[in-house]
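What follows is a set of notes on a single structure, which appears directly below.
Because only heavy atoms are used, hydrogens play no part in the values below, and waters and symmetry mates are left out as well, while side chains stay in.
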Amino acid sequence: MRCQTCGDATSTEHNDCQRCYTPLGQPAVTPGLPTYRVRGIGLAATIAVGATAVFYVVVSLSPLIGIVMTRQAMANDEADLLLGAAVVGGLLALPMVVAHLTAAVLVIIWTWRARKNTDAFPGALPTLGAGWAIAGWLVPFANFVVPARVMAGVARDSLWRRFTPTLVVVWWCAWLVFSVGGRLSSRADEKAYDRLPETPFNDAGYQAYVDYYGDSLLRNALPAVACAVSAVTLILLIHRISAAQEARIARAAPVWPTAPMWPGAPVWPAQTWPAAPPTETWPTAQPVQPPPAVPAARPAQPARAAQPAPEGAPGATPTA
């Protein structure tokens with residue numbers, strides 16, 4: 001007997017498949033439970049996550065532009081270039097914010113669908129409900145733990161793991177460093193910028209701007225690296241989980257034919273499905289027989305005229 005989920009041979013010595021942990025005799029997907037496509041939304045999420053990482057790295061390197069423009073302003077004594085450096089940094093941050101919000105929405109939708117699919121996988125052991133795939137990102141303080149637990153459960157049940165894959169651990173640690181470190185560096189940049197002279201009048205004032213951009217570049221280095229690592233690991237997780245779930249759902253669909261149609265044609269494994277419920281049988285309608293034909297009535301015979309009785313016959317009436 002072979003497992004209907006992974007196709008490996010099973011043994012009655014174990015209650016489940018030793019590769020994918022599906023209980024013996026169970027289908028790849030429980031009939032009657034809904035499943036969702038995750039490949040398309042997963043592809044969109046990976047594109048948005050990659051774009052967010054690229055834009056964030058660009059924003060983290062934007063202090064280099066500030067250093068160049070500040071030194072040019074100091075050489076030419078043009079304080080307006082300092083305002084231009086700030087405007088360039090703000091313009092670079094706009095697409096990053098848009099990409100970040102888009103990625104957040106798509107990742108949440110993908111996680112919810114992937115978590116719902118595991119409810120239909122026999123042998124899956126989810127620890128948190130599908131609602132936490134959304135609420136886990138929104139509830140304060142819970143968003144430091146819950147999203148990682150949801151992803152860990154989805155990865156275990158989709159990739160046939162007994163323990164949490166290493167990719168999940170790396171992704172979440174890098175995400176925490178990026179999220180927390182990015183906020184701390186942003187606040188530090190704001191405080192340092194407020195201490196700068198509004199209009200520098202000498203080289204010391206310009207040098208203060210150069211030092212500010214240099215320090216900002218160093219502060220943003222760690223969050224930028226963490227963002228890149230988090231994005232790469234999340235993209236790998238989405239790709240692997242989506243491929244595994246789509247393949248498992250496809251195994252639950254009936255595949256025809258189960259025998260080669262011509263010599264050398266590929267043969268697909270037959271799927272075992274529960275028998276269809278019996279249907280009511282209705283009596284077959286009988287053709288309506290026409291009523292028997294009524295024989296035509298014979299034409300009436302004309303009445304014979306009365307013949308006079310002979311004289312002397314008994315019962316004859318005497319004539320006068």
(request) Flag yes if Leu92 and Met96 sit in one hydrophobic cluster, no otherwise; membership is Ile, Leu, Val, Met, Phe, Trp, Tyr, and two members link when side-chain heavy atoms are under 4.5 Å apart. (result) yes
(request) Count the heavy atoms belonging to other residues, nucleotides or ligands that lie under 6.0 Å from CG of Asp211, then report whether that count exceeds 12. (result) yes
(message) Please tell me whether Ile67 and Leu81 are part of a single hydrophobic cluster in this structure, the criterion being side-chain heavy atoms less than 4.5 Å apart.
(response) no
(message) For the residue pair Asn117 / Thr35, report whether a side-chain donor-acceptor contact shorter than 3.5 Å exists.
(response) no
(message) Any non-hydrogen side-chain atom of Leu101 less than 4.5 Å from a side-chain atom of Val97?
(response) yes
Got a list of side-chain donor-acceptor pairs under 3.5 Å for residues 162-169, not counting sequence neighbours?
unit_1: Thr164; atom_1: OG1; unit_2: Arg156; atom_2: NH1; d: 2.9

(request) Report yes or no: do Leu234 and Ile41 belong to one cluster of Ile/Leu/Val/Met/Phe/Trp/Tyr joined by side chain heavy-atom distances under 4.5 Å? (result) yes
(request) Test the Arg248-Phe121 pair against the cation-pi criterion, namely NZ or CZ under 6.0 angstrom from the six-membered ring centroid and within 45° of the ring axis. (result) yes
(request) Please check if Val54 and Leu43 belong to a single hydrophobic cluster, counting links between Ile, Leu, Val, Met, Phe, Trp and Tyr side chain heavy atoms closer than 4.5 Å. (result) no
(message) Suppose the criterion is side-chain hydrogen bond (donor to acceptor under 3.5 Å, both in side chains): which pairs have a residue in residues 44-56, not counting sequence neighbours?
(response) none
(message) Enumerate the salt bridge (charged side-chain N to carboxylate O under 4.0 Å, His left out) contacts for residues 103-123, please, sequence neighbours excluded, ordered by first and then second residue.
(response) Arg115-Asp119
(request) Anything under 30° is parallel, anything over 60° is perpendicular, the rest tilted; go ahead and classify His100 against Trp175. (result) perpendicular
(request) List for me each residue that meets side chain to side chain donor-acceptor pair (under 3.5 Å) alongside Ser230, sequence neighbours excluded, and say none if there are none. (result) none
(message) Check for me, please, whether Val87 and Leu61 land in the same ILVMFWY cluster - side-chain distances under 4.5 Å, paths through other members count.
(response) no
(request) List the steps, then state whether side-chain hydrogen bond (donor to acceptor under 3.5 Å, both in side chains) holds for Ser242 with Trp110. (result) CA-CA 9 Å; Ser242 298; Trp110 175 87; 2.9 Å; yes
(message) Can a donor-acceptor pair be found, under 3.5 Å and without considering hydrogens, that links the side chain of Arg251 to the backbone of Ile249?
(response) no
(message) My understanding is that only residues two or more places apart in sequence, or in another chain, count here; which of them pass side chain to side chain donor-acceptor pair (under 3.5 Å) with Arg37?
(response) Glu246
(request) Check whether any side-chain heavy atom of Trp172 lies under 4.5 Å from a side-chain heavy atom of Leu176, and answer yes or no. (result) yes
(message) I'd like to check the salt bridge (Lys or Arg N to Asp or Glu O under 4.0 Å) partners of Asp8; sequence neighbours left out, ordered by chain and number.
(response) Arg19
